[in-house]
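What follows is one structure encoded as C-alpha cells, with my remarks underneath.
Index from 1, following the sequence.
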Amino acid sequence: MQSEHQIPIWFFIGAILFIYGLTIFGTGVVEWITPPPAELRVALYELHAAVWWGAILTVIGAFYGVRFNPFRK
C-alpha cells in the first residue's frame, strides 16, 4: 500500500508571496530608477514603499517556502 504524500498549503502561500514580492520589488526598483513626472507621483513617493513592501513579501515568501518545503528530507 502506498502512503499518501500531501503538500502543505503554506508552501503554496509562500510561493505566491515570493512571486508577488519579486514582482512588486522589481516594479519599485524600475520606478525608483526612472521616476514618473512630479505631477503624477503618489503621496510619500520619496519613501519608495513598493521597494520595501516587495522586499518584505519576498523574505516572508522565502521563509514559508523553505520552512514548509515538501521536497526536502
Side-chain angles (χ1 to χ4, degrees):
M1 185 170 173
Q2 292 180 343
S3 64
E4 188 176 301
H5 181 72
Q6 295 182 353
I7 300 175
I9 188 69
W10 295 109
F11 177 72
F12 291 109
I13 291 172
I16 290 171
L17 288 176
F18 187 77
I19 292 168
Y20 284 175
L22 285 179
T23 304
I24 294 170
F25 181 78
T27 57
V29 168
V30 168
E31 192 176 75
W32 195 347
I33 293 171
T34 58
E39 63 271 2
L40 296 178
R41 293 182 187 170
V42 296
L44 300 176
Y45 168 78
E46 297 80 20
L47 295 179
H48 304 288
V51 174
W52 291 105
W53 184 241
I56 290 169
L57 282 178
T58 303
V59 168
I60 293 171
F63 170 75
Y64 275 102
V66 170
R67 171 69 176 85
F68 296 103
N69 186 355
F71 305 110
R72 69 179 171 157
K73 291 183 177 184

Suppose the criterion is ring-ring contact (aromatic ring centres under 6.0 Å, His included): which pairs have a residue in residues 25-50, not counting sequence neighbours?
W32-H48, Y45-H48

Restricting to side chain to side chain contact (heavy atoms under 4.5 Å, CB included), what partner residues turn up for F11, sequence neighbours left out?
I7, F68, N69, P70, F71

Residues that, via side-chain heavy atoms closer than 4.5 angstrom, fall in one hydrophobic cluster with L40
none

The criterion is side chain to side chain contact (heavy atoms under 4.5 Å, CB included); which residues satisfy it with I16, sequence neighbours excluded?
Y20

CD1 of I19 to OG1 of T58, rounded to nearest 0.5 Å, is 10.5 Å

With rounding to the nearest 0.5 Å, note down the distance linking OG1 in T23 to CZ in F18.
10.0 Å

For residues Y64 and L57: do they belong to one hydrophobic cluster (side chain heavy atoms under 4.5 Å, members Ile, Leu, Val, Met, Phe, Trp, Tyr)?
yes

Tell me whether F63 shares a hydrophobic cluster with I13, the cluster being built from Ile, Leu, Val, Met, Phe, Trp, Tyr side chains joined at under 4.5 Å.
yes

For E31, does its backbone N or O pair with a side-chain atom of T34 as donor and acceptor, under 3.5 Å?
no

Are V59 and V66 connected in a single hydrophobic cluster, I mean Ile/Leu/Val/Met/Phe/Trp/Tyr linked by side-chain heavy atoms less than 4.5 Å apart?
no

Considering all heavy atoms, the nearest R72-R67 contact
NH2-O, 2.9 Å

Consider only side-chain heavy atoms of I, L, V, M, F, W and Y, link residues closer than 4.5 Å, and tell whether V29 and L44 are in one cluster.
no

Please enumerate all residues that pass side chain to side chain contact (heavy atoms under 4.5 Å, CB included) together with I56, with sequence neighbours excluded.
I60

Partners meeting ring pair (Phe, Tyr, Trp, His ring centres under 6.0 Å) with W53 (sequence neighbours left out)
none

Does atom CZ of R41 have more than 12 heavy-atom neighbours, drawn from other residues, nucleotides or ligands, at distances under 6.0 Å?
yes

